Amino acid sequence: MMLQAANAVRGTVPPAVRPAGSSSLLLTENQQWIGGPPPLMDKLSPRERELVLRQGRRKVLNRGQTLFSQGGKHDGIWLIESGRIRVFYTSPLGREITLAYWHVGNFVGGPEVFEGTVHQWSGVASSNCSVVHLPGKELRSLAVEIPNLAIGLIEGLTFKGKCYSALAQMLGTRSITQRLAHLLLHLVELYGVEDADGRVIAAAFTHADIAHMVGATRQWVTISLKRMQEKGIVLTKRSQIVVCRPDVLEEMRGHASD
């Protein structure tokens, strides 16, 4: 069981053969960020990985189960072994904005990585997941003992900081329609599968999920997708979205207005 965990967390599957959707899902205009940050355990030796995982505590979550909650006590990070974790912020009025979906090899629970504070946002399993919790005290000791682990934490936090900054920039400078077009193209790149009508987004994202990613309401997303379907840009098929005219979405991404 420990060997399986080590293989999953260190992200040893070559990028060319990783399953569809293994990259992290981020709302960013920088194409270089689509693949996500380097897996935290990538630069560690087998002995170092074993040492880290020995301090960890495994947890299995079902889809929809909360991993950590905004405002809750913070203690360490979680390494994702399998599945997908959605990280999101909730406003005082109850509105949600998705910050990112993190996949295998990533860690969640930041921006603080040790202990003594509260969570700034929440994390929930968007699919069945397996994670390894590294408590703050143990993680601090491991970072001192294993320089490459400390470097991995810094690189991961730097990547996340850039992504969240890019998200803030998009929310402030792009219209909702532009953000929706951008997200659909992003989803096609990550999950697209060829279909007779175009490219199917072969992943389960509801209209509410999409709304949380682009900063809109579910009703607005439903109406917008219906209008796109009437124009032949997209097609809804068996609760999945088929992108028929990516060229039109490219134009909308750059020039649309609400």
Side-chain angles (χ1 to χ4, degrees), residues 19-37 84 86-91 93-103 121 126-127 159-258:
S22 62
S23 298
S24 296
L25 176 54
L26 318 159
L27 191 62
T28 172
E29 294 179 292
N30 191 327
Q31 295 300 304
Q32 295 179 346
W33 295 353
I34 287 178
R84 185 174 63 197
R86 171 180 172 249
V87 176
F88 62 97
Y89 172 79
T90 306
S91 76
L93 297 179
R95 287 284 299 274
E96 290 183 11
I97 181 71
T98 295
L99 304 178
Y101 285 83
W102 299 108
H103 294 69
W121 39 71
S126 62
S127 66
F159 182 92
K160 292 171 187 285
K162 289 179 179 178
C163 290
Y164 297 159
S165 175
L167 172 61
Q169 291 167 13
M170 286 198 72
L171 291 174
T173 62
R174 293 276 186 151
S175 71
I176 306 178
T177 302
Q178 286 175 314
R179 297 198 297 268
L180 177 59
H182 180 84
L183 177 61
L184 291 175
L185 289 170
H186 190 8
L187 291 174
V188 165
E189 184 160 355
L190 286 179
Y191 303 101
V193 175
E194 291 296 335
D195 180 86
D197 298 304
R199 287 179 63 82
V200 179
I201 298 174
F205 290 100
T206 67
H207 290 187
D209 292 333
I210 293 173
H212 291 151
M213 282 187 269
V214 300
T217 64
R218 180 189 58 77
Q219 292 85 351
W220 184 90
V221 169
T222 298
I223 292 172
S224 295
L225 289 176
K226 183 178 180 181
R227 289 174 178 169
M228 287 184 183
Q229 179 161 314
E230 290 171 351
K231 295 178 181 179
I233 302 170
V234 302
L235 175 65
T236 300
K237 183 186 294 187
R238 297 185 298 275
S239 300
Q240 290 182 318
I241 299 173
V242 182
V243 173
C244 308
R245 295 291 307 275
D247 57 323
V248 177
L249 288 178
E250 286 284 2
E251 294 179 6
M252 294 173 64
R253 172 162 65 178
H255 307 292
S257 63
D258 292 333

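The figures that follow rest on heavy atoms only: side chains count, while hydrogens, waters and symmetry mates do not. All of these numbers come straight from a predicted model, not from anything done at the bench. The first residue of the sequence shown is numbered 1, and numbering continues consecutively from there.
Between Thr98 and Phe88, the shortest heavy-atom contact is CA-CB, 4.0 Å. Listed here is the closest heavy atom pair of Val242 and Val200: CG2-CG2, 3.7 Å. The nearest pair of heavy atoms linking Cys244 to Leu235 is SG-CB, 3.9 Å.
With rounding to the nearest 0.5 angstrom, the CE atom of Met170 is 8.0 Å from the CG atom of Leu167. To the nearest 0.5 Å, atoms CD (Gln178) and CG (Leu249) are separated by 12.5 Å. The CG atom of Leu185 lies 11.5 Å from the CG atom of Leu190; values are rounded to the nearest 0.5 Å. The distance from atom OH of Tyr191 to atom CD1 of Ile201, rounded to the nearest 0.5 Å, is 10.0 Å. Remark: Ser175 OG to Met252 CE distance equals 8.5 Å, nearest 0.5 Å. Separating the CD1 atom in Ile233 from the CZ atom in Arg245 is a distance of 8.0 Å, to the nearest 0.5 Å.
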Check step by step if side-chain contact (heavy atoms from CB on, under 4.5 Å) holds for Leu225 and Leu184.
CA-CA 10 Å; Leu225 289 176; Leu184 291 175; 4.2 Å; yes
What's the verdict on salt bridge (Lys or Arg N to Asp or Glu O under 4.0 Å) for Glu250 and Arg253, showing C-alpha distance, side-chain angles and the deciding distance?
CA-CA 5 Å; Glu250 286 284 2; Arg253 172 162 65 178; 2.6 Å; yes
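For the side chain to side chain donor-acceptor pair (under 3.5 Å) test, no residue two or more places apart in sequence or in another chain qualifies with Ser224. In this view, Arg199 and Glu194 satisfy the salt bridge (Lys or Arg N to Asp or Glu O under 4.0 Å) rule, not counting sequence neighbours. Checked against side chain to side chain donor-acceptor pair (under 3.5 Å), Gln240 has no partners two or more places apart in sequence or in another chain. With sequence neighbours excluded, the residues that form a side chain to side chain donor-acceptor pair (under 3.5 Å) with Lys237 are Asp195, Asp197. By the side chain to side chain donor-acceptor pair (under 3.5 Å) test, Thr236 is found to be paired with Gln229, residues two or more places apart in sequence or in another chain being considered.
Ile241 has its side chain within reach of Ile210: a pair of non-hydrogen atoms, C-beta onward, lies under 4.5 Å apart. The side-chain heavy atoms of Tyr89 and Tyr164, taken from C-beta on, include no pair separated by under 4.5 Å. You'll find the side chain of Thr177 reaches within 4.5 Å of the side chain of Trp220, heavy atoms only.
Judged by distance alone, the side chain of Arg179 and the main-chain N or O of Arg174 form a donor-acceptor pair under 3.5 Å.
The aromatic rings of Trp102 and Phe159 lie perpendicular to each other, with more than 60° between the two planes, well past the 30° mark.
In this model, a donor atom of one side chain and an acceptor atom of the other lie less than 3.5 Å apart for Arg84 and Ser126.
Between Tyr101 and Phe205, a ring centre-to-centre spacing shorter than 6.0 Å is recorded.
Screening residues 202-219 for side chain to side chain donor-acceptor pair (under 3.5 Å) gives Arg86-His212, Thr206-Asp209, His207-Thr222 as the qualifying pairs, with residues at least two apart or on separate chains.
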